[in-house]
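All values below come from the heavy atoms of this structure, side chains included, with hydrogens, waters and symmetry mates left out.
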Amino acid sequence: MSAAQRKSMGPWLIGGAVVVAVAAGVYMLLQRSGASRGDATKTPAPASYAAPPAAPAVAVPLPAFEDATAAAGIEFKAVTGADGRKLMPETMGAGLGLLDYDGDGWLDIVLVNGRSWDRKTCPPLLTVYRNLRNGKFRDATAEVGLKNLCGYGMGVAVADYDGDGRPDIFVTSLDGNHLLHNDGGKFSDATVAAGLGGRRSGIQDWSTSAVWFDADGDGRLDLFVCNYVRWTPQTDVFTTRDGVNKSYATPTVYQGLSNRLWRNTGNGKFEDATRAAGLYDEQNKALAAVVLDVDGDGHPDLFVSNDTLPNKLYVNDGKGRFQERALEYGVGYDETGRAKAGMGTDAVDIGGGTLAIGVGNFSDEATSHYEMAPDAATFVDASPRRGLASATLADLTFGTRFGDFNNDGRQDLVIVNGHIEPEIAKVQATTSYEQQPRLFLGDASGRYVEYSRAAGKPLAPPMVGRALAVGDVFNSGKLDLLISTNGGPPRLLRNIGPDRGYMQLTLVGNGTNRDALGSTVELEAANGWRWRDSVRARGSYLASSPYALHTGVPDGVTQVDVKVVWPDGSRTEKKAVPVGARYRLAQDGTLSSLDDATREN
């Protein structure tokens with residue numbers, strides 16, 4: 001931030017105390033990213049976001065998107081409760097998800113909603129849109145039994161936690177979280193019966209994102225829930241930039257909360273295993289998490305993005321106990337030793353077994369792209385080298401997802417952006433409240449090249465973006481986008497790019513873990529092309545995406561060998577599987593096509 005910009009911010013008043021943003025240390029309440037972090041007695045070296053010399057241009061196939069929201073019949077507007085008091089949660093939501101709740105082979109949509117602070121306006125906490133298989137959706141909230149469930153919602157996490165073959169939904173909320181059991185196309189609130197209700201030490205958690213995974217290897221899916229800060233309407237901190245009018249506060253003025261691990265004990269029950277698992281830590285202000293295997297030992301680890309505190313990396317000992325090792329692995333801070341304001345996150349194998357973690361950050365804090373170094377013991381932030389740093393520096397990024405959006409067999413990246421302060425442009429002319437989503441396509445040189453505008457008008461207009469879910473909504477063999485906006489309508493963006501070769505694989509596990517979370521899949525073609533990924537929760541931000549694995553394949557590849565390592569260590573191999581199709585592979589070795597039964601009407 002320039003000296004002129006700092007001057008334009010002026011003094012801030014917090015509970016009557018004047019705070020002036022200076023380079024040595026005090027966090028700027030409106031802009032966050034101007035903060036110094038770590039040792040306040042030292043001025044850290046400025047981060048370099050200059051792009052490296054441009055690599056030779058490498059042609060990539062371009063995707064294209066169209067806004068299908070209106071044509072799909074989706075009529076929804078998120079309620080934030082904003083009534084002029086500028087209460088902090090109004091800036092955060094809301095979440096959404098893609099799932100096939102009725103088992104017809106088509107992805108349905110769930111949208112999280114808030115309420116007014118006086119509770120006089122309280123729409124359904126979760127609105128469900130059923131996919132009619134002809135490009136249209138119908139509001140099915142009442143028929144699935146959720147019309148009267150209200151609250152101030154945040155995010156969703158979907159999984160079949162009891163192994164009955166139907167996806168269940170966990171919803172995070174300021175008013176207490178909800179576990180919604182799928183009873184065969186209708187949902188019942190199983191929160192209390194499952195042991196997931198209640199407060200902790202009299203404090204209601206402010207839960208944000210959540211992910212399902214088998215923490216202890218017992219074959220049952222456990223639940224990790226991110227928690228943010230200790231906040232209530234009564235304890236909301238008054239912050240102002242002009243000494244008179246209230247502005248939205250930021251997390252630095254609130255105490256953090258520990259995240260929670262709920263261990264699945266079977267028979268639909270859970271127990272709070274946070275302390276026993278070594279995960280109790282109030283030095284968190286967590287907004288998202290992703291499951292990954294950082295040390296390659298076959299046990300699921302957790303990366304957690306924190307807002308203005310260091311990110312956390314919890315490494316699993318194989319028995320469901322975790323050790324925090326972010327500093328050791330180099331993913332807790334940026335290259336100058338400062339904690340960023342992390343929002344959404346995702347992780348992926350970017351090729352050759354190289355694991356990468358993406359983190360969307362606050363404005364003036366570029367998107368992080370931590371990559372495993374050749375020694376496989378540390379990560380480095382390769383955002384500048386990959387071409388992401390300068391391109392994302394001005395963005396305030398929430399939704400963050402890797403995926404192959406042009407079906408060329410390489411990983412791409414979509415980020416969803418939007419500021420928290422509606423009046424930010426008055427104090428920082430280079431930043432806007434509404435911001436453009438960005439699509440970065442991976443090319444053969446290893447760089448990400450932005451093609452947001454080239455991909456069509458739906459990615460060109462700015463929005464106050466928040467959550468992002470990714471899935472093949474129209475069963476076209478291409479990845480579509482579902483985006484939430486703060487206090488506004490969602491955007492369903494249909495991928496109408498050229499048809500290209502692809503592979504889409506849904507695994508079905510034995511026993512309780514029907515989603516086969518923790519499985520790894522490798523595809524190999526005769527020309528030497530390889531692709532690898534794992535079935536795991538990829539929370540992005542307040543969002544839940546399907547567990548189906550999807551990748552394009554290079555030109556000329558017509559079939560691939562499929563190798564699966566299941567969570568219990570057993571293996572399945574299928575030779576010469578034709579590409580250009582969607583498959584279901586069961587742990588008993590049965591491979592079936594999903595296309596014939598789910599052609600669009």
Would you sort out whether Asn417 and Leu396 count as a side-chain contact (heavy atoms from CB on, under 4.5 Å), showing the intermediate values? CA-CA 5 Å; Asn417 309 304; Leu396 199 169; 5.7 Å; no

Please give me the minimum heavy-atom distance between Ser207 and Asn227, naming the atom from each residue. OG-OD1, 2.7 Å

Backbone N/O of Ala366 and side chain of Lys340: donor-acceptor pair under 3.5 Å: yes

Does the side chain of Glu282 come within less than 4.5 Å of Leu257's, by heavy atoms? no

Atom pair OG/CD1 of Ser363 and Ile424 - distance to nearest 0.5 Å: 6.5 Å

I'd like to know if Asp346 pairs up with Arg401 as an ion pair, taking the criterion as any Lys NZ or Arg NE/NH1/NH2 lying under 4.0 Å from an Asp or Glu carboxylate oxygen. yes

Under a 4.0 Å N-O cut-off, is there an ion pair linking Arg385 with Glu371? yes

Taking Asp472 for its side chain and Gly477 for its backbone only, find out whether a donor-acceptor pair lies under 3.5 Å. yes

To the nearest 0.5 Å, how far apart are OG1 in Thr250 and CD1 in Ile420? 6.5 Å

Separation of Asn113 CG from Ser173 OG (nearest 0.5 Å): 11.0 Å

Check Arg85, Lys246, Lys86 against Asp236 for a salt bridge (charged side-chain N to carboxylate O under 4.0 Å, His left out) and give me the one that passes. Lys246

When you measure from the centre of the six-membered ring of Phe474, is the NZ or CZ of Arg494 under 6.0 Å away and within 45° of the axis? yes

Beyond-backbone contact of Thr80 with Asn486, side-chain heavy atoms, under 4.5 angstrom: yes

Determine the minimum heavy-atom distance between Ser484 and Ala94, stating which atoms define it. OG-O, 2.5 Å

From the list Val290, Thr345, Ile357, side-chain contact (heavy atoms from CB on, under 4.5 Å) with Ser305 holds only for Thr345

Kindly determine whether Met463 and Gln435 satisfy side-chain contact (heavy atoms from CB on, under 4.5 Å), including the steps that lead there. CA-CA 5 Å; Met463 62 184 75; Gln435 299 179 3; over 6 Å; no

Roughly how far apart are Leu313 CG and Tyr329 OH, rounded to 0.5 Å? 7.0 Å

Taking atom types as modelled and ignoring hydrogens, do the side chains of Asp404 and Gln411 form a donor-acceptor contact shorter than 3.5 angstrom? no

Testing the 3.5 Å rule here: is there a donor-acceptor pair between the side chains of Ser258 and Asp281? no

Does a side chain donor of either Asp395 or Thr397 reach within less than 3.5 Å of an acceptor in the other side chain? no

Looking at Trp206 and Pro89, what are the two nearest heavy atoms and their distance? CH2-CG, 3.6 Å

For Ser383 and Asp381, does a side-chain donor sit closer than 3.5 Å to a side-chain acceptor? no

So, do Pro437 and Ile415 sit near enough that their side-chain heavy atoms are less than 4.5 Å apart? no

So does Ser540 get a backbone contact from the side chain of Ser209, meaning a donor-acceptor N/O pair under 3.5 Å? no

I'd like to know if the side chain of Ser544 reaches the main chain of Val158, judged simply by a donor and an acceptor atom lying under 3.5 Å from each other, with no hydrogens or angles considered. yes

Between Ser452 and Glu450, do the side chains contain a donor N or O and an acceptor N or O under 3.5 Å apart? yes

Would you confirm whether Asp307, through its side chain, and Lys285, through its main-chain N or O, come within 3.5 Å as a donor-acceptor pair? no

Evaluate side chain to side chain donor-acceptor pair (under 3.5 Å) for Asn361 paired with Ser368, printing each intermediate quantity in order. CA-CA 7 Å; Asn361 298 304; Ser368 302; 3.0 Å; yes

Check the pair Thr367 / Phe440 against side-chain contact (heavy atoms from CB on, under 4.5 Å), numbers first and verdict last. CA-CA 12 Å; Thr367 295; Phe440 296 92; over 6 Å; no

Side chain to side chain, Asn406 and Leu62, heavy atoms closer than 4.5 Å: no

Derivation and outcome, side chain to side chain donor-acceptor pair (under 3.5 Å), residues Asn306 and Asn284: CA-CA 6 Å; Asn306 275 316; Asn284 277 291; 2.8 Å; yes

Would you indicate whether the side-chain heavy atoms of Tyr547 and Arg538 approach each other to under 4.5 Å? no

Are any of the side-chain heavy atoms of Tyr541 and Leu468 separated by less than 4.5 Å? no

Looking only at heavy atoms, which two atoms of Asn311 and Ala326 are closest? And how far apart? O-CB, 3.4 Å

Is a side-chain donor-acceptor pair under 3.5 Å present for Thr392 with Arg438? no

Side chains of Ser445 and Arg447: is there a donor and an acceptor less than 3.5 Å apart? no

Side chain Lys478, main chain Phe405, donor-acceptor under 3.5 Å: no

Between Arg536 (side chain) and Pro300 (backbone), is there a donor-acceptor pair under 3.5 Å? no

So among Thr400, Val348, Ile350, which one has a side-chain contact (heavy atoms from CB on, under 4.5 Å) with Leu413? Thr400

Give a yes or no answer on whether the side chain of Arg386 reaches the backbone of Tyr448 with a donor-acceptor pair at less than 3.5 Å. no

What verdict does the side-chain contact (heavy atoms from CB on, under 4.5 Å) test give for Val416 and Arg466, after you've listed the backbone C-alpha separation in whole Å, the side-chain angles of each residue and the deciding distance to 0.1 Å? CA-CA 6 Å; Val416 174; Arg466 291 297 183 259; 5.8 Å; no

Under the 3.5 angstrom rule, does the side chain of Thr485 hit a backbone N or O of Val464 as a donor-acceptor pair? no

How far does SG of Cys226 sit from CG of Leu542, to the nearest 0.5 angstrom? 9.5 Å

Considering all heavy atoms, the nearest Tyr451-Leu441 contact: CD1-CD1, 3.4 Å

Ring centres of Phe402 and His369 under 6.0 Å apart? yes

Checking Tyr248 against Glu90 for the side chain to side chain donor-acceptor pair (under 3.5 Å) test, could you report, in this order, the C-alpha distance in whole Å, the side-chain angles of both residues, the deciding distance, and whether it holds? CA-CA 9 Å; Tyr248 283 111; Glu90 297 167 7; 2.7 Å; yes

Nearest 0.5 Å, please: how far is CD in Glu66 from CG in Asp480? 9.5 Å

When you look at His419 and Phe398, which way does the ring-ring contact (aromatic ring centres under 6.0 Å, His included) test go after all the steps? CA-CA 9 Å; His419 213 279; Phe398 284 87; 9.3 Å; no

Main chain of Leu355, side chain of Tyr370: is a donor-acceptor contact present, judged purely on distance under 3.5 Å? no

Can you confirm whether the side chains of His550 and Asp533 place a donor and an acceptor under 3.5 Å from each other? no

Ionic contact status for Asp67 with Lys457, cut-off 4.0 Å: no

Distance-minimising heavy-atom pair for Gly387 and Ala391: O-CB, 4.0 Å

Using a distance-only test with no angle check, is there a side-chain donor-acceptor pair under 3.5 angstrom linking Gln323 and Tyr314? no

In the structure I gave you, are the side-chain heavy atoms of Trp212 and Phe170 within less than 4.5 Å of one another anywhere? yes

